[in-house]
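Okay, so here's the structure we're looking at.
Chain identifiers are assigned alphabetically (A, B, ...) following the order of the sequence lines, protein sequences preceding nucleic acid strands; residue numbering begins at 1 within each chain.
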There are 2 protein chains.
Amino acid sequence: MWQPDPYDRNCPTRQLLDRIGDQWTVLIVGALKDGPLRFTEIGRRVDGISQKVLTQTLRSLVRDGILTRTAYATIPPKVEYELTPLGRNLSEPLEMLDRWARVHMSSVQDARDAYDAEHTPASA
Amino acid sequence: MWQPDPYDRNCPTRQLLDRIGDQWTVLIVGALKDGPLRFTEIGRRVDGISQKVLTQTLRSLVRDGILTRTAYATIPPKVEYELTPLGRNLSEPLEMLDRWARVHMSSVQDARDAYDAEHTPASA
DNA sequence: CTGCATCCTGCGCGATACTG
DNA sequence: CAGTATCGCGCAGGATGCAG
């Protein structure tokens, strides 16, 4: 029986891996961890994301079954995004990534400083 | 005391998150999980990566202290890449990502099919 | 408020050729 | 084998303007 393998360039998991590892995906899913949020609220939490990219990313995540999109026909309009069970499941590995980045940032920074010092031998 | 926060666009963890979530990073670190590999070997395992991107990604990972690069002055040249302790630590969350993608690929595929069917109402 | 369409720019990346 | 250097294109993504 065949097993999906992202090391194969033609395997769909390759593309999926690219999507779920995307920084915006990590942050958006993380933001929705504690409950549904509106479009603008997500944009406010995920500092620096453009409206266009936010829209694109949200649509992709909805299409992939990670989020649900619920539009309320009120005035003004209100649209809520919420994690599906699949999305909630995904949020666990993503949260580990987030936490790893926070915890090891200083180690990485030290490594970079050392590397740069090594490869930039005191001026030119 | 200040806590690093990737939700802030100026926080270095933002960039770090982007790097470690990168598909090539996930695959390369995963490939090195079982021991050091040579440049060409990595390229062969990570199907579809160009030599240029492989070089760039490896250099970044070395700089960030995820990998070590060891060059042997033999003919022909031989360069081995190996996970550092930090890299081995990182490989755990990354492996979870990889496994998630493999396990849930079919669910995502189903969601996509449903979404596309819904949003492409039987021809035009 | 929540989008979508358009224009435009940067630069990521592949392809190719050359070195040690 | 393991890179570096260069060129050129495609497309992601920012900015703006409009619609429901």
Side-chain angles (χ1 to χ4, degrees), chain A residues 9-10 14-28 31-32 36-64 67-82 115 118-120 124, chain B residues 6 9-10 14-28 31-32 36-63 67-82 115-116 118-121 124:
Chain A
R9 88 176 82 186
N10 296 126
R14 171 71 69 92
Q15 181 214 346
L16 180 57
L17 197 57
D18 199 24
R19 175 157 303 295
I20 65 179
D22 179 77
Q23 62 167 318
W24 302 127
T25 297
V26 176
L27 296 175
I28 290 173
L32 292 172
L37 287 178
R38 304 179 57 175
F39 182 86
T40 312
E41 291 175 326
I42 301 174
R44 213 175 308 121
R45 299 209 184 192
V46 182
D47 184 39
I49 192 172
S50 71
Q51 190 206 40
K52 180 180 180 179
V53 171
L54 179 56
T55 300
Q56 287 174 346
T57 307
L58 287 173
R59 185 164 345 115
S60 292
L61 292 173
V62 169
R63 183 169 108 98
D64 286 352
L67 305 181
T68 57
R69 177 185 186 278
T70 310
Y72 299 92
T74 58
I75 295 187
K78 172 179 169 182
V79 180
E80 279 193 339
Y81 293 88
E82 184 171 17
Y115 183 96
E118 187 72 19
H119 294 252
T120 313
Chain B
R9 88 176 82 185
N10 296 126
R14 171 71 70 93
Q15 181 213 345
L16 179 58
L17 198 56
D18 200 25
R19 176 160 302 296
I20 64 179
D22 179 77
Q23 62 167 319
W24 303 125
T25 297
V26 176
L27 295 175
I28 290 173
L32 292 172
L37 288 178
R38 303 178 58 173
F39 182 86
T40 311
E41 291 174 325
I42 301 176
R44 212 177 308 121
R45 300 209 184 194
V46 182
D47 184 39
I49 192 172
S50 71
Q51 191 206 38
K52 179 179 181 179
V53 171
L54 178 57
T55 300
Q56 288 173 343
T57 307
L58 287 174
R59 185 160 350 112
S60 292
L61 291 173
V62 170
R63 184 169 106 98
L67 305 181
T68 57
R69 177 185 185 277
T70 310
Y72 299 92
T74 59
I75 295 186
K78 172 178 168 181
V79 180
E80 278 194 338
Y81 292 88
E82 184 171 16
Y115 182 96
D116 292 345
E118 187 72 20
H119 293 252
T120 312

Quiz prompt | Footprint string (nucleotides 4-20 of chain D, 5' to 3'): B base within contact, S backbone only, - free, heavy atoms under 4.0 Å | solution = B-B------BBB----B

Practice problem: May I have the distance from L54(B) (atom CG) to dG3(D) (atom P), rounded to whole angstrom? | Solution: 8 Å

Practice problem: Look at the side-chain N and O atoms of Y81(A) and state whether any lies under 4.0 Å from the OP1 or OP2 oxygen of dG3(C). | Solution: yes

Practice problem: Mind checking the CD-CG spacing from Q56(B) to L54(B)? Nearest 0.5 Å is all I need. | Solution: 9.5 Å

Quiz item: Can T25(A) and T57(A) be said to form a side chain to side chain contact (heavy atoms under 4.5 Å, CB included), step by step?
Solution: CA-CA 7 Å; T25(A) 297; T57(A) 307; 4.2 Å; yes

Quiz item: Can you find a side chain N or O atom of R38(B) that sits less than 4.0 Å from OP1 or OP2 on dA2(D)?
Solution: yes

Exercise. Drop me the distance from Q23(B)'s CD to I49(B)'s CD1, to the nearest 0.5 angstrom.
Key: 8.0 Å

Quiz item: Among pairs that include at least one residue of residues 41-55 of chain B, which meet salt bridge (Lys or Arg N to Asp or Glu O under 4.0 Å), considering only residues two or more places apart or in two chains?
Solution: R9(A)-D47(B)

Exercise. Measure from CG on D47(B) to P on dG14(C) and round the result to the nearest Å.
Key: 12 Å

Quiz prompt | Whole angstrom value for the distance that separates C1' of dG12(C) from CD of Q23(B) | solution = 13 Å

Self-check item: Rounded distance (nearest 0.5 Å) linking atom CZ of R19(A) with atom CZ of R14(A)
Solution: 15.0 Å

Quiz item: If you look at every heavy atom in L32(A) and L67(A), which pair is closest and at what distance?
Solution: CD1-CD2, 3.5 Å

Quiz item: Is there a residue in residues 68-75 of chain A whose heavy atoms reach under 4.0 Å of DNA chain D, and which residues are they?
Solution: none

Quiz item: In whole angstroms, how far is the C1' atom of dG3(D) from the CD1 atom of I42(B)?
Solution: 13 Å

Quiz item: What is the distance from CZ of R44(B) to C1' of dC1(D), rounded to the nearest Å?
Solution: 11 Å

Quiz item: Nearest-Å distance, CZ (F39(B)) to C1' (dG3(D))?
Solution: 6 Å

Exercise. Drop me the distance from K78(B)'s NZ to T40(B)'s OG1, to the nearest 0.5 angstrom.
Key: 12.0 Å

Quiz item: Are side-chain heavy atoms of R38(B) and I42(B) found at a separation under 4.5 Å?
Solution: no

Quiz item: Can you check whether Y81(B) reaches L58(B) side chain to side chain, under 4.5 Å on heavy atoms?
Solution: yes

